[in-house]
Amino acid sequence: MQQAATAAPIASRVSLIPVLSDNYVFVLHGDQPGPAVVVDPAVAEPVITWLEQRQLELTAILHTHHHHDHIGGTPQLLQHWPQAAVIASSADLARIPLQTQGVQGGDRFELLGRTVQVIDVPGHTAHHIAFYLAPAGGDSGHLFCGDTLFAGGCGRLFEGTPEQMHRSLQQLAALPGPTQVWCAHEYTAGNLRWAAAEAPTDRAISERLTTTLALREQEQPTLPSTIALERATNLFVRAESPEVLRHLRGHKDLWKG
Ligand SMILES: [Zn+2]
């Protein structure tokens, strides 16, 4: 069925709000004033302040997984914007309360004039999902991948297997190269220091480490990354098999760098 044309604005900007020690809360929005969507709100206060300063109205909250530093701010955000939708994995309803819309891998839904595609990416947790927005409004597309894919790294395997994480990362790596990758933590410097120790002759990794350290020196975020950059410099994405990923994950878990 052909959808009727609407005046819905296309949200093409993603802003990040640094919270806690190394979390990011992401905001998808368009012009201000206008509607906004928040991804993985660890806390509420800085998010409320940030949105109000910009006259942005919260219309939806997306959750990638159930860990508290990804859902902790939701109850208070809903007190402030009771009409906001809460979208998360329907398989994790018991651990992600307040859902108004449960989703699973393969689902698509519309948000702020964009189509959002849900991708199942288990490994870090059993029901972890990612949200992919294809290019629109002149941007390169966006991926919100929670704690599955990090810049230069991947999440710890708390509930999943190396096989699951390998498959999850390969699915994300198959997205278009220019896709902007919004990982939920600022772990890039540590990940690349480890990767440079693991693969000391790898030029692409050492160059990215240099760029990353310069950004952190100026207290700048290292995100977004891109799928192309992760394909080139992320050892977990480059792992050719679950066995290689298992080996790398074991090294990283023990690394004290
Ligand atoms: Zn987590």
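All values below were derived from every heavy atom in this structure, side-chain atoms included, with hydrogens, water molecules and symmetry-related copies excluded. Indexing begins at 1, ligand by ligand and atom by atom, following the structure's order.
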Would you call the rings of F144 and H142 parallel, tilted or perpendicular, where under 30° means parallel and over 60° means perpendicular?
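Aromatic pair F144/H142 classed parallel.
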Could you report the tightest heavy-atom contact between G73 and A44, atom names first, then the distance?
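Scanning both residues completely, I find the closest heavy atoms to be O-CB, 3.4 Å.
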Out of H65, Q164, H124, H128, which one pairs with T148 under the side chain to side chain donor-acceptor pair (under 3.5 Å) rule?
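Going through H65, Q164, H124, H128 one by one, the side chain to side chain donor-acceptor pair (under 3.5 Å) with T148 is satisfied by H128 alone.
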Is the distance from the Zn ion (ligand 1) to the nearest N/O/S atom of H70 under 2.8 Å?
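Here the distance criterion (N, O or S atom, under 2.8 Å) is not met by H70, so no.
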Angle at the Zn ion (ligand 1) between NE2 of H65 and OD2 of D147, to 10°?
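Between NE2 of H65 and OD2 of D147, at the Zn ion (ligand 1), the angle is about 90°.
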Angle in degrees, rounded to 10°, that ND1 of H67 and NE2 of H124 form at the Zn ion (ligand 1)
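Reported to 10°, the angle equals 90°.
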One pair to check against side-chain contact (heavy atoms from CB on, under 4.5 Å): Q117 and L133. What are the steps and the verdict?
CA-CA 6 Å; Q117 184 186 333; L133 285 67; over 6 Å; no
